[in-house]
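Read the structure below first, then the notes.
The sequence lines fix the lettering, A, B, ..., with proteins before strands; numbering per chain opens at 1.
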Amino acid sequence: MLDRYNFNEIEKKWQRRWEEQGLFKTREDESKEKYYLLEMFPYPSGKLHMGHVRNYSIGDVVARYMRMNGYNVLHPMGWDSFGLPAENAAVMNGVRPDVWTRENIGEMRGQLKRLGLSYDWDREVATCEPAYYRWMQWIFIRFFEKGLAYKKKNPVNWCPSCETVLANEQVVDGVCDRCGSVVGKKELEQWYLKITDYAERLLEGLDRLEGWPGKVKLMQKNWIGRSVGAEVDFALEGFPEKLRIFTTRPDTLYGATYMALAPEHPYARKLISGAAREKAADEFIGKLQLLSDIDRTAATLEKEGVFTGSYAVNPLNGAKIPVYIANYILADYGAGAIMAVPAHDRRDFEFAVKYGIKIIPVVDPEDPEIDIQNLKEAFAAEGKMINSGRFNGLSNKECAVKITEYMEQEKIGKKSINFRLRDWLISRQRYWGAPIPMIHCEKCGWTPEKEENLPVLLPSDVEFTGKGESPLTASKTFRETACPRCGGAAERETDTMDTFLDSSWYFLRYTDAKNTEEPFGKDRAKYWMPVDQYIGGVEHAILHLLYARFFTKFLFDSGLSPVEEPFTKLLTQGMVLKDGGKMSKSVGNVVSPEEIIEKYGADTARLFILFAAPPEKELEWSDTGVEGSYRFLNRVRRLVYGLSDRVKDAPGAYETKTPEDWKMDYALNYAVKKVSEDIGGRFSFNTAISAVMEMVNALYRYREYESADPGLLKAAVDKLILLLSPFTPHICEEMWAHTGHGGSVLNAEWPSCDEAALVMDRVEIVIQVNGKVKERIEVENGLSQDGLIRAATENAKVRKLLDGKSAARIVAVPGKLVNIVIS
RNA sequence: GCCGGAGUGGCGGAAUUGGCAGACGCACAGGACUUAAAAUCCUGCGGUCCGUGAGGACUGUACCGGUUCGAUCCCGGUCUCCGGCACCA
């Protein structure tokens with residue numbers, strides 16, 4: 001046990017020293033190139049989990065590497081500290097959300113320090129602190145002023161027994177998952193941010209994000225969901241109004257055999273004729289309102305509808321087509337109404353079959369296997385137009401263009417683009433969030449709080465019962481106020497903001513975290529932004545990353561952000577698994593960071609988590625693997641300490657004389673090159689570490705030689721410590737000091753690679769016969785193709801293999817191989 | 001259903017531009033040291049077969065096929081797993 005190093009003592013010692021020396025402090029230094037490295041800040045749930053350790057270990061390696069390469073690195077940390085768990089803790093344990101949250105932050109900050117992460121804690125932000133949410137509210141008001149924050153009445157899930165709004169996830173089978181009552185819909189006024197105004201730019205911007213994983217960009221693209229089509233107005237028999245629909249298939253207009261409206265469509269009730277129909281329609285609409293949005297929009301829900309008794313007129317051919325109300329039409333997409341073309345749409349087909357509605361094919365697949373007159377399923381692919389009057393014979397793609405042009409001429413319809421992206425509902429009927437800084441006055445309507453009165457503070461005279469509406473509604477001191485415009489009695493908004501708003505601009509706040517005059521100074525933001533590298537879990541691929549992009553674009557338009565896209569490069573790290581599954585309390589397979597640090601130290605924990613898998617992949621936790629990482633660190637330490645006497649007074653330079661020297665020099669420089677590329681270039685930390693391991697193995701062999709050059713040994717030891725230091729900083733500081741260096745490894749210069757050492761005099765060449773390796777020969781480096789061919793064909797073994805046969809072809813690749821093809 | 005991604009030893013993984021498959025580590029086995037164990041150090045480690053032996057032959061990157069002198073890598077098809085979206089007209 002004496003041989004195993006005392007990580008506890010070493011790590012505490014260096015952490016103390018780093019803190020005392022302010023080693024991680026960032027300075028605005030225009031003379032150096034900046035590098036802004038950011039990891040997604042955590043929710044202060046109480047303790048770190050392995051996912052955090054992974055996320056922040058990855059970040060710290062990059063931060064330290066960039067520092068050592070001379071960059072001025074901004075590497076901040078903070079807390080996404082508003083949110084429901086704090087409120088739940090208040091309900092369950094009676095501890096105030098702010099107290100609970102601050103305690104957790106204290107605990108987790110300690111854990112982060114215990115991991116030796118190089119954060120500049122002077123820039124720490126916590127979104128729940130008034131100093132932060134003041135500017136959150138300020139930014140909200142900017143949205144309001146630009147007309148991008150608005151209040152709209154919309155149906156939301158409402159549990160009559162708990163008297164609260166429920167998230168869709170809290171409604172299971174139409175029933176409240178807490179109390180079991182049937183959940184209804186309630187029209188509630190909610191605040192929205194008009195992210196849809198930015199849909200086109202959010203989509204376009206993706207193309208320029210070359211440093212983002214394609215997967216994330218694709219997910220965002222699908223989420224934004226741009227579709228190009230046409231708006232068409234249908235006349236309604238007996239009504240002056242026109243019925244507007246959106247379609248992506250204007251080419252199929254002649255095939256429309258019914259219309260379908262969303263139950264919430266403003267015309268839905270108006271078009272119903274006859275008492276019997278009214279009753280049926282009421283029942284139908286009533287039934288749908290009991291369903292949650294999730295169930296309503298489930299693709300598995302059987303298509304149902306009711307006929308209104310009214311008819312629409314096809315603007316192209318005058319055909320009279322029945323209007324239905326149908327459960328599969330969404331009120332808030334497109335026009336909330338469609339023309340249904342059963343022949344060429346899966347859903348319309350299903351509906352038409354059920355209600356015996358005509359099916360008119362208008363696109364001919366020109367495939368003998370498909371009987372177009374008796375379709376078994378909708379035909380949605382491409383083909384030639386039929387049954388479409390003057391458009392017959394065109395390809396359906398051409399036809400879509402032609403019909404749209406024609407409709408524009410005749411003023412029946414026009415080209416239209418629709419997005420799947422909806423406006424962002426940001427109201428939360430919760431306490432622990434930033435209050436929406438709006439005031440309602442009977443006379444003046446909604447007015448923002450005056451800037452000098454910000455922040456609108458959360459009140460402390462509240463009770464947490466977990467029942468009823470938000471505690472803010474119950475707080476008179478909070479609610480009652482004066483109208484900022486007319487001074488009359490007015491009421492504050494009692495909803496708070498979705499916490500995703502807080503995290504949509506925190507990266508800007510870090511550039512100037514203590515500013516009390518503005519959310520952040522423009523100069524500071526200009527120097528640091530954009531974030532050069534962002535690292536976090538893939539679960540944020542859509543929401544957080546889309547919202548952050550939206551905010552940044554808005555702030556850019558407002559002249560506040562210097563950039564339009566916040567994150568130049570993005571790394572989405574994989575999950576940490578145990579026994580093939582997610583670590584979870586219920587399965588009982590959680591490995592806590594604390595326990596690992598206790599047993600092996602922070603350096604081992606970091607090393608293992610970086611070595612076990614590439615960062616973007618899932619990582620399978622392995623206890624024996626951790627043991628192996630710890631063993632490796634001990635092995636390095638033994639090596640360095642064993643050599644320290646030999647290298648202490650060694651010269652700073654060396655000359656390679658023996659084959660052993662060359663090999664060692666090669667191994668050394670190869671490791672430098674590989675680690676540099678793997679950290680700085682492709683973020684492949686596992687292979688960087690294995691390169692260091694190889695170098696350690698080489699050094700173990702080399703030190704056995706009596707003739708080993710002390711200068712080379714010294715260079716190897718020094719560079720080994722430096723190469724390893726971003727991964728395991730504590731033990732490297734200790735070894736750095738032990739080998740006679742002053743100052744921190746973090747301030748040392750990153751080693752450079754001597755390319756000349758990587759050029760070997762002789763290289764091994766593989767000789768293949770018909771693509772199969774048969775022999776290896778050593779030749780001088782740089783031997784030409786002809787030389788290689790000669791060397792290969794003269795080789796005794798190869799001649800024997802050829803057995804007198806002549807080669808049909810010989811391919812020679814200098815430095816690599818010779819392939820002899822015989823028939 | 002649609003859209004992505006991935007399948008390599010007992011395991012985690014490597015092979016960066018089409019050129020030696022399995023780096024590095026874990027596990028395992030054998031050896032050295034030790035009274036013994038642990039620790040450490042050394043050796044072996046895809047499969048099948050041949051050879052007393054040094055060594056050699058064949059085969060092998062989910063499966064089938066293609067392109068190529070040469071394929072883990074490119075193309076076509078199949079299977080499996082994972083992820084995202086899911087009535088978006």
Side-chain angles (χ1 to χ4, degrees), chain A residues 1-4 213-223 225-227 229 245-249 252 260 262 294 296-303 326-330 332-341 344-348 350-351 418-422 538-539 541-542 574-575 608 611-614 616-629 631-632 634-635 638 674 677-678 681-682 684 686-697 700 764-776 807-813 815-822:
Chain A
M1 212 55 196
L2 274 174
D3 274 350
R4 312 206 114 194
K215 182 188 171 181
V216 173
K217 290 197 275 187
L218 194 68
M219 281 163 74
Q220 292 212 351
K221 189 180 167 204
N222 292 339
W223 186 263
R226 182 180 194 265
S227 350
I245 60 99
F246 171 74
T247 179
T248 52
R249 294 292 304 275
T252 63
I294 289 199
R296 256 296 292 285
T297 56
T300 48
L301 191 71
E302 199 191 338
K303 288 172 191 39
N327 64 349
Y328 70 99
I329 308 303
L330 305 170
D332 56 355
Y333 183 77
I338 63 156
M339 66 168 193
V341 185
H344 304 294
D345 181 279
R346 207 182 66 246
R347 297 149 300 176
D348 299 347
E350 189 188 326
F351 190 90
N418 255 283
F419 293 92
R420 176 196 227 107
L421 184 71
R422 304 296 148 81
V538 72
E539 66 274 17
I542 299 176
M575 275 202 305
F608 168 72
F611 178 61
E616 67 282 357
K617 274 193 71 170
E618 292 181 333
L619 183 151
E620 172 70 28
W621 186 267
S622 152
D623 291 331
T624 53
V626 178
E627 190 78 46
S629 293
R631 219 153 39 206
F632 171 71
N634 278 294
R635 186 169 150 82
R638 268 195 310 277
K674 177 93 176 134
E677 284 173 2
D678 282 356
R682 54 176 204 149
S684 177
N686 53 330
T687 52
I689 292 166
S690 62
V692 177
M693 288 171 168
E694 281 177 87
M695 184 198 157
V696 167
N697 292 342
Y700 259 94
E764 193 184 77
I765 295 290
V766 164
I767 303 175
Q768 300 179 329
V769 175
N770 286 343
K772 280 177 186 156
V773 181
K774 295 293 179 185
E775 176 70 320
R776 293 151 200 275
R809 183 173 174 185
I810 304 181
V811 181
V813 183
K816 292 211 165 113
L817 54 72
V818 178
N819 188 12
I820 300 169
V821 188
I822 52 177

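Interatomic distance, CD1 of Ile822(A) versus CD1 of Ile810(A), reported as 10.5 Å (0.5 Å rounding). For the atom pair Arg809(A) CZ and Asn770(A) CG, the distance stands at 12.0 Å (nearest 0.5 Å).
Relative orientation of the Phe351(A) and Tyr328(A) rings is tilted, given thresholds of 30° and 60° on the angle between their planes.
Using a 4.5 Å cut-off on side-chain heavy atoms (C-beta onward), Val818(A) and Glu775(A) make no contact.
RNA chain B is contacted by both Arg249(A) and Leu619(A); Leu619(A) maps to the nucleotide lying nearer its 5′ end (nearest heavy atom per residue).
rU16(B) sits 33 Å from rC85(B) when the C1' atoms are compared, rounded to a whole Å. Taking atom P on both nucleotides, rG12(B) is separated from rA27(B) by 15 Å, rounded to a whole Å. Across rG22(B) and rC73(B), the matching C1' atoms stand 15 Å from one another, rounded to whole Å.
Residue contacts for Ile329(A): at a heavy-atom cut-off of 4.0 Å it reaches a base atom on one of the strands shown. Among the protein residues, Ser684(A) comes within range of no part of the nucleic acid, since none of its heavy atoms lies under 4.0 Å from any strand.
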Which parts of nucleotides 54-65 of chain B does protein reach within less than 4.0 Å, heavy atoms only, written one letter per nucleotide 5' to 3' as B for base, S for sugar-phosphate only and - for none?
----SS------
Base, backbone or nothing for each nucleotide of nucleotides 16-31 of chain B, written B, S, -, heavy atoms under 4.0 angstrom, 5' to 3'?
B--BBS-BBSSS----
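For the pair Thr687(A) and Arg682(A), the tightest heavy-atom approach, listed with the atom from each and the gap, is OG1-NH2, 3.3 Å. Residues Met339(A) and Asp348(A) approach most closely at O-OD2, 4.1 Å, considering heavy atoms. Closest non-hydrogen pair, Lys215(A) versus Val538(A), comes out as NZ-CG2, 4.3 Å.
Under a 4.0 Å N-O distance rule, the pair Asp345(A)/Arg249(A) does not qualify as a salt bridge.
For the pair Lys617(A) and rA6(B), the criterion of a side-chain N or O lying under 4.0 Å from OP1 or OP2 is not met.
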